[in-house]
Every structure is written in C-alpha cells, then in structure tokens.
Q: 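One structure coming up, written as structure tokens, with questions to follow.
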Amino acid sequence: MSSLHTLPPGIPGIATFFATPDGLTRLSIATPLSTAAVILEGAHVTHFQPHGQAPLLFLSGSSHFAPGRPIRGGVPVCFPWFSAHASQPELPAHGFARTTRWTVESLAGSEETGVTAVLSLASDETTRAQWPHDFLARLRVEVTRELRLTLEVENTGTAPFSYEEALHTYFAISDAREVSMTGLEGAAYLDKLDAGQRKELGTTPLRFVGETDRIFPANTATCVIHDPGYPRRIVVEKSGSRSTVVWNPWIAKAAAMADFGDQEWPSMLCIETANVGRDAATLAPGERHVMTAVIRLD
Ligand code: TA6
C-alpha cells in the first residue's frame, strides 16, 4: 500500500483493515454471524459467507488485484454508466467507481449485531474529466447473516444529471447447467447477444444452456437461485432498482477474458441489481437516489 494511505481504525477482533501486497486496502470482517471482505478500491465486496455455509460470492482465481484494475467477482459497483460508455468507448466499461478508491466514512458493529461499513466517493477533477457532474456516492455494507448493500447517489452540483448504476453481483453456484432461477417468469428482456432485441421469458424457471447476457427493464422482482448442488437457495431482494441483469459468459467468452479462468464459467452467475438504459436515474441538484440489494440464504 502506498504511503499515501493510512489504514483506518478497525473494530478489535471483528473488523480489520489490511494493506494487501498488491497495493490495495482490504477490510476483513469476521463475527459469529458471517465473514466478509471489502476492498476500498472500488468499494468492492469480494467475499461473503454466512457462518456454517459455503461462500455466496464467486471470486475468480485469475482476477487482477491492483490499483486501477477491475476485480473479477464479488460485487463490482458500476457507476455512473453501465457497460460501454454510450459516446466515448475509450472510457472504462461500467464506469470509474469500481476502480477508484473510496473513503471509509464509518465502521460500526459487534459480534451480536454484525458489522456495517459506509464508504463514499465524491466527485473530483479525475471524475469530472470522465463525467462532468458533481456527486456524492455512498455504499453502505451491512454484514449479518445476510448481506445488505445500499448505494446512495446524491447530486451535489447545480445542474440535473442522469446516471446508470449496478451492483454487479457474482454468485457462487455449483454448476450453471444445473441451477434454475425464479422471479423473472414471463418478464421482458433485452438480449445483448442479439443486438438488444426485446424478448420475453416463458413461464417456467430460467435455466442456462449457453452464454447469457440479458437486461430485464422495468423489473422490481425478487430473484431466487435454486442450486441443487449445494443444495441451497440464494435470494436476491432489491429496492430502488428497476433493472435486473443476468449474465454468464459460458465457454467462449470465458476463454476470451484474461482475468477469468477458462473453466470457471460453470461456478458463477451474475444477477445484477441495477438501473440501466431507460431505467437510468435522474437527479436534480440536492436530490438523492437509493438502491438496495439484500442477499441471503432461504
Ligand atoms: O453485466 C453483464 C456485462 O455487461 C456483460 O456484457 C459482460 O461484459 C460483463 O458485464 C462483464 O463486464 P466487465 O467489464 O467486467 O468485463
């Protein structure tokens, strides 16, 4: 870790900040309820594991862990745009929030209650050079037997702005070919693999038979991953989010990604809590928007 940063104070015995050998800062949380890890660079939750259970989040064994590089797995925070920038393709995919260091605003908790960390990212010269707006983003990470993530964005400028956001969660699953997903039956989606064509899911649970990259607009449903391999059900509840994104790269895309193992695609599924495309949020000066994802075992 560069000498620029001093380690924030932790909570003895349950929440500790570490300087990683790769130049990042990690917050490690361990209570009788669960364990978790958050990297300050990107406010990136990389690990969540309720006590007595297997981890709920997937983290690639080939991920980069370096300042300025996205982490492959966990919960990347996509902001203020999703996927490729609409008009400046040279700008980083999924925005700059996931590769920028966030500040620790507060850290509290106990063995009994679990731990809550609040991280923030405020606009500065670097962010304005990519996105000419003033904002304050806060991510509240609540670690109990469930993981509750609350992304709040405030317009601290003098002009309205619109932005996209996603909690781009990578879930750990036993086998993408065996799991099913409920909550989106009959829903409309935009198929990113077919020029964004608008399609509709059938009435049966969603199963995966190939590369999947779908945006479900105007959708506020709770989703459930049914995983016979563990066996377990992972529930993804949300509020303040009108888009759900579902992604698995499958074989060819997995092989094409340098920071993802060729054989890792069966072990992960992204269900993303988002506001993208027509669901982008618009804030007047002084206004704020709050989006929450709650991840738990059923
Ligand atoms: O959320 C799905 C998606 O937009 C896919 O199109 C895929 O590119 C994925 O995100 C990963 O994006 P990344 O920039 O992390 O490689």
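Side chains are part of it too, since the values below use all heavy atoms of this structure and drop only hydrogens, waters and symmetry mates.
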Q: To the nearest 0.5 Å, tell me how far Asp279 CG sits from Glu165 CD.
A: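 It is 10.5 Å, given to the nearest 0.5 Å.
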Q: Step through the shown structure and confirm whether more than 12 heavy atoms of other residues, nucleotides or ligands are within 6.0 Å of CZ on Arg69.
A: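 Atom CZ in Arg69 is not packed in, count stays at 12 or less.
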Q: Over 60° means perpendicular and under 30° means parallel, so tell me whether Phe82 and His94 are parallel, tilted or perpendicular.
A: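 Rings of Phe82 and His94: tilted, as their planes differ by 30° to 60°.
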Q: Using a side-chain heavy atom cutoff under 4.5 Å and only I, L, V, M, F, W and Y, what cluster partners does Val224 have?
A: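 Hydrophobic cluster check, Val224: joined to Val235.
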Q: Step by step, would you call Ser110 with Glu112 a side chain to side chain donor-acceptor pair (under 3.5 Å)?
A: CA-CA 5 Å; Ser110 70; Glu112 294 73 33; 3.3 Å; yes
Q: For Ser63 and Asp259, does a side-chain donor sit closer than 3.5 Å to a side-chain acceptor?
A: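 No donor-acceptor contact under 3.5 Å links the two side chains.
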Q: So, taking the atom named OG1 in Thr292 and the one named CG in Leu167, what distance separates them when rounded to the nearest 0.5 Å?
A: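 If I round to the nearest 0.5 Å, the distance is 8.5 Å.
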Q: With a 6.0 Å cut-off on ring centres, are Phe135 and Phe161 close enough?
A: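 Not under 6.0 Å, so no.
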Q: Over 60° means perpendicular and under 30° means parallel, so tell me whether His168 and Trp247 are parallel, tilted or perpendicular.
A: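 Ring orientation of His168 relative to Trp247: perpendicular.
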Q: Between Ser174 and Asp227, is any side-chain donor less than 3.5 angstrom from a side-chain acceptor?
A: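 Judged by distance alone, the side chains do pair up.
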Q: As an exercise, state the distance from CG of Asn248 to CZ of Phe171, rounded to the nearest 0.5 Å.
A: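 One gets 13.5 Å once the value is rounded to the nearest 0.5 Å.
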Q: Do you know the tightest heavy-atom contact between Leu107 and Ala15?
A: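 What the structure gives for the nearest pair is CD2-CB, 4.1 Å.
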Q: Do NZ/NE/NH1/NH2 and the carboxylate oxygens of Asp191 and Arg198 come within less than 4.0 Å?
A: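 No salt bridge links Asp191 with Arg198.
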Q: Flag the pair Glu41 and Arg98 as a salt bridge only when some basic side-chain nitrogen lies within less than 4.0 angstrom of an acidic carboxylate oxygen.
A: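 No, this pair does not count.
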Q: Centres of the Phe79 and Trp131 rings: under 6.0 Å?
A: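 Yes, ring centres under 6.0 Å apart.
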Q: Can you say whether the rings of Tyr189 and Phe216 are parallel (under 30°), tilted (30 to 60°) or perpendicular (over 60°)?
A: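 Ring orientation of Tyr189 relative to Phe216: tilted.
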Q: Using a 3.5 Å distance criterion without hydrogens, assess whether the side chain of Trp81 forms a donor-acceptor pair with backbone atoms of Ala93.
A: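 No.
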Q: Between Asp298 and Arg232, is there a salt bridge with N-O shorter than 4.0 Å?
A: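 Salt bridge absent between Arg232 and Asp298.
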Q: Side chains of Arg101 and Thr25: do they bring a donor and an acceptor to under 3.5 Å?
A: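 The criterion, which ignores hydrogens and geometry beyond distance, is satisfied for Thr25 and Arg101.
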Q: side-chain contact (heavy atoms from CB on, under 4.5 Å) for Thr113 and Glu142? Distances and angles first, verdict last.
A: CA-CA 10 Å; Thr113 62; Glu142 296 173 73; over 6 Å; no
Q: According to a hydrophobic-cluster definition based on side-chain heavy atoms being under 4.5 Å apart (Ile, Leu, Val, Met, Phe, Trp, Tyr only), do Ile173 and Ile251 belong together?
A: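 Yes.
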Q: If Ile, Leu, Val, Met, Phe, Trp and Tyr residues are connected whenever their side-chain heavy atoms lie under 4.5 Å apart, and connections chain through other members, are Val246 and Val75 in the same group?
A: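 Linked, Val246 and Val75 end up in one cluster.
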Q: Can Arg140 and Glu152 be counted as an ion pair, charged N to O under 4.0 angstrom?
A: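 Answer for the salt bridge query: no.
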Q: In this structure, would Ile295 and Leu27 fall into the same cluster of hydrophobic residues linked by side-chain contacts under 4.5 Å?
A: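 Linked, Ile295 and Leu27 end up in one cluster.
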Q: Should we say atom CZ of Arg278 is surrounded by more than 12 heavy atoms from elsewhere, each under 6.0 Å from it?
A: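 For Arg278, atom CZ is not crowded (no more than 12 foreign heavy atoms under 6.0 Å).
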Q: For Arg207, what residues pass the side chain to side chain donor-acceptor pair (under 3.5 Å) criterion, not counting sequence neighbours?
A: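 Arg207: no side chain to side chain donor-acceptor pair (under 3.5 Å) contacts found.
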Q: Is it the case that Glu264 and Ser60 place a side-chain donor and acceptor less than 3.5 Å from each other?
A: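 Glu264 vs Ser60: donor-acceptor pair found between side chains.
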Q: Tell me yes or no: between the side chains of His133 and Ser123, is some donor less than 3.5 Å from an acceptor?
A: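 Side chains of His133 and Ser123: no pair found under 3.5 Å.
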Q: Consider only side-chain N and O atoms of Arg26 and Ser28, and report whether a donor and an acceptor are under 3.5 Å apart.
A: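 Yes.
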Q: With the side chain counted from C-beta on, respond yes when Asn275 and Met291 share a heavy-atom pair under 4.5 Å apart, and no when they do not.
A: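 Asn275 reaches Met291 side chain to side chain.
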Q: I need the Thr169 OG1 to Phe48 CZ distance, nearest 0.5 Å.
A: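 One gets 12.0 Å once the value is rounded to the nearest 0.5 Å.
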